[in-house]
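Note on naming: letters A, B, ... go to the chains in the order of the sequence lines (proteins, then strands), and numbering restarts at 1 for each one. Not measured: the values here are computed from a predicted model.
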Amino acid sequence: MLDIVVIRRDPDRVRRSLQRRGLDSSVVDDVLRLDAEYRSALADLERTQSERRSLSEEIGRSSDKAAATAERRPQLDALSALIEERQERVRELAPELEGSPLRALLEHLPNLLDGSVPDGTDERANVTVRAWGERPQFDFTPKPHWELGEALGILDFERAVRLSGSRFSILKGKGARLARALAQFFLDRASARGYVEIAPPYLVTRTTMWSTGQLSKFADAMFRDEDTGLYMIPTAEVPLTALRGNEIIDAAELPCKYTALTPCFRKEAGAAGKETRGIVRQHQFDKVELVWLTQPERSFEALETLVDDAGSLLRELELPHRVVALCAGDVGFNAAKTYDLEVWVPSTNTYREISSCSNCTDFQARRAAIRFRRNAKSKPEPLHTLNGSGLAVGRTLLSIMENFQRADGSIAVPPALQPYAGFSILSSP
RNA sequence: GGAGAGGUGGCAGAGCGGUUGAAUGCACUCGCUUGGAAAGCGAGCAGAGGUGAUAAGCCUCUCGGGAGUUCGAAUCUCCCCCUCUCCGCCA
């Protein structure tokens with residue numbers, strides 16, 4: 001949620017950001033108009049409330065309260081009627097009330113883009129910041145991971161479909177073990193870099209989901225239980241970011257860094273027909289997430305650290321990859337700036353997103369009411385939140401399979417992972 | 001799922017219809033005191049919104065959430081949520 005005060009004071013900045021995202025900036029005028037109406041209605045209401053309040057206090061002070069009430073009766077009744085009327089008006093306009101037009105507009109305004117975000121409307125305009133590693137040279141034709149996996153008996157798509165339908169997969173034997181090893185490896189590295197490991201709920205309330213900004217945009221992408229109204233998390237970003245919601249954090253405690261391994265559930269409703277093969281895009285996948293809560297002035301520096309935290313995993317696993325700064329049109333709803341980490345996938349001869357690291361500035365913190373106090377005297381203010389994958393287990397697994405495949409269809413395990421896996425070669429049983 | 005108890009400021013904990021946004025204690029901030037500290041003393045210290053200069057001041061709202069009764073609600077009524085204890089079920 002954007003700060004309404006910023007919209008009031010610097011509407012041009014908001015318009016510019018919307019335009020860069022390729023969105024209609026005229027909503028800003030609607031917001032300003034509704035906001036002015038709301039504030040004038042609020043002032044009217046408060047004036048009337050104040051009048052009635054002083055009358056009530058007079059009654060409270062008098063010795064004969066019944067007489068005092070009777071005496072002021074007509075005035076009180078008139079004021080009460082007026083208050084009711086004006087309350088109704090305020091209710092219609094209030095930005096904090098669900099269902100009000102102003103709230104609806106505010107809810108759908110994406111975060112302000114940072115100035116350093118490159119221009120552009122879609123992923124073609126994304127800018128490669130740096131690349132790391134040598135792409136593997138094969139003296140044979142590299143196979144896609146699903147072929148390798150099925151041949152090795154570690155991936156089973158047929159039975160997964162039988163159990164749960166399309167976009168599910170089953171890992172078996174050493175495949176399952178390797179996935180577990182990766183998750184463990186990621187968590188250990190995150191801990192070493194100062195992230196506190198959290199085992200959060202995988203089901204969260206609508207309010208929690210709303211507070212991290214998932215609901216306005218991703219509502220139809222999420223699984224939800226009808227009975228309880230609980231949502232299955234699409235990423236651990238949700239519980240980790242909302243973890244400190246409605247709290248006022250001491251500045252000395254910042255930055256707070258959290259990590260969690262969780263399954264992520266996504267309907268992938270908009271992705272029909274895309275990437276139906278393999279384990280690239282699934283309804284359920286495991287991911288280790290990294291989340292920061294920082295002081296505002298440190299958040300962009302934190303973003304660079306976060307990207308390095310995620311990148312260090314790929315370096316250790318010796319997976320060739322690049323870091324891409326998303327262009328204006330490609331940066332998500334919550335984020336002010338995003339870097340994607342893309343890993344090399346030999347079978348498609350392309351880089352493929354394996355981590356997305358975003359600075360959400362105060363956008364989520366405002367919704368979730370995560371605030372901090374600079375010192376004992378100062379007012380609470382929203383802090384900045386960041387999140388990034390560190391990393392997606394399935395996508396890492398498939399990139400290891402493809403990058404480390406050998407002519408005989410076996411797969412070498414990256415040295416860093418071997419202590420976790422307990423084996424160095426994955427071959428047919 | 002059943003029965004009971006309870007949800008008040010950063011924490012603990014009073015208040016149970018009238019100037020109470022809230023006693024008291026702890027924590028915290030500032031000052032006095034001190035060689036320095038502790039203790040002691042004095043002052044301050046919830047959040048949100050509006051207005052103002054992102055000041056002071058002023059105004060409104062908030063005592064789990066929502067609705068209601070009343071001139072007036074933390075206090076009374078109803079609904080919901082949550083926590084705790086006991087019982088049941090259970091990985």
[X] [atom1] - [N] [atom2] separation (whole Å):
| X | N | atom1 | atom2 | value |
| --- | --- | --- | --- | --- |
| Leu93(A) | rG50(B) | CG | P | 14 Å |
| Phe372(A) | rA46(B) | CZ | P | 19 Å |
| Asp77(A) | rG72(B) | CG | C1' | 13 Å |
| Leu82(A) | rC71(B) | CG | C1' | 15 Å |
| Lys379(A) | rA48(B) | NZ | C1' | 9 Å |
| Glu96(A) | rA48(B) | CD | C1' | 9 Å |
| Leu34(A) | rG50(B) | CG | P | 15 Å |
| Glu247(A) | rG9(B) | CD | C1' | 16 Å |

For [N] versus [M], give the span between their [atom1] atoms, rounded off to a whole number of Å.
| N | M | atom1 | value |
| --- | --- | --- | --- |
| rC26(B) | rG7(B) | P | 23 Å |
| rG25(B) | rG13(B) | P | 16 Å |
| rA46(B) | rA23(B) | P | 10 Å |
| rU34(B) | rC59(B) | P | 41 Å |

Using a 4.0 Å heavy-atom cut-off across all strands, classify Arg39(A) as base, sugar-phosphate, or nothing.
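The residue Arg39(A) makes sugar-phosphate contact but no base contact.
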Check every strand shown and say whether Leu55(A) touches a base, only sugar-phosphate, or nothing at a heavy-atom separation below 4.0 Å.
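Nothing, no nucleic acid heavy atom in range.
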Taking the side chain as every heavy atom from C-beta outward, state whether Val323(A) and Thr128(A) have any pair of such atoms under 4.5 Å apart.
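Not touching, per the 4.5 Å side-chain cut-off.
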Side-chain contact test, heavy atoms from C-beta onward, threshold under 4.5 Å: evaluate it for Trp210(A) versus Met1(A) and give yes or no.
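Sidechains of Met1(A) and Trp210(A): in contact.
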At their closest point, which heavy atom of Leu152(A) faces which heavy atom of Ser428(A), and how far apart are they?
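Closest approach of Leu152(A) to Ser428(A), heavy atoms only: CD2-N, 3.4 Å.
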Taking all atoms of both residues into account, what is the closest heavy-atom pair of Ser389(A) and Ser356(A), and its distance?
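Taking every non-hydrogen atom into account, OG-N, 3.3 Å.
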At under 4.0 Å between heavy atoms, which parts of nucleotides 59-69 of chain B does protein reach? Answer with one letter per nucleotide, 5' to 3': B base, S sugar-phosphate only, - none.
BBS--------
Is it the case that the side chain of Arg367(A) and the backbone of Glu107(A) share a donor-acceptor pair, with hydrogens and angles ignored and the cut-off at 3.5 Å?
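Present.
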Closest to the Arg373(A) side chain, choosing from rC71(B), rG47(B), rG49(B):
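Output: rG47(B).
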Closest to side chain of Thr69(A), choosing from rU19(B), rG18(B), rC71(B)
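Closest of the options to the side chain of Thr69(A): rC71(B).
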Syn/anti state of rG52(B) by chi, 90° boundary around 0
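Syn, which is what one calls it when the glycosidic angle falls within 90° of 0.
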Checking side-chain polar atoms at under 3.5 Å, does Asp24(A) have a donor or acceptor matched by the opposite partner on Ser26(A)?
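Yes, a side-chain donor-acceptor pair sits under 3.5 Å.
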Cut-off 3.5 Å, side chains only: do Thr235(A) and Lys287(A) have a donor facing an acceptor?
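Short answer, yes.
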Run the salt bridge (charged side-chain N to carboxylate O under 4.0 Å, His left out) test on Asp77(A) and Arg73(A) for me, step by step, so that the C-alpha distance in whole Å, both residues' side-chain angles and the decisive distance to 0.1 Å come before the verdict.
CA-CA 6 Å; Asp77(A) 288 348; Arg73(A) 190 90 249 169; 3.5 Å; yes
Please determine whether a side-chain nitrogen or oxygen atom of Arg8(A) lies at a distance below 4.0 Å from atom OP1 or OP2 of rG50(B).
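Yes, within the criterion.
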Would you please classify the geometry between the Phe265(A) ring and the Phe223(A) ring as parallel, tilted or perpendicular, with 30° and 60° separating the classes?
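The arrangement is perpendicular - the two ring planes meet at more than 60°.
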Stem ranges for RNA chain B, with three or more consecutive Watson-Crick or G-U pairs under 3.5 Å?
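Listed by first number, the stems are B:1-7 with B:81-87, B:10-12 with B:24-26, B:28-32 with B:40-44, B:46-51 with B:57-62, B:64-68 with B:76-80.
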Mind checking salt bridge (charged side-chain N to carboxylate O under 4.0 Å, His left out) for Arg193(A) and listing every partner two or more places apart, or none if nothing turns up?
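Expected list: Asp308(A), Asp309(A).
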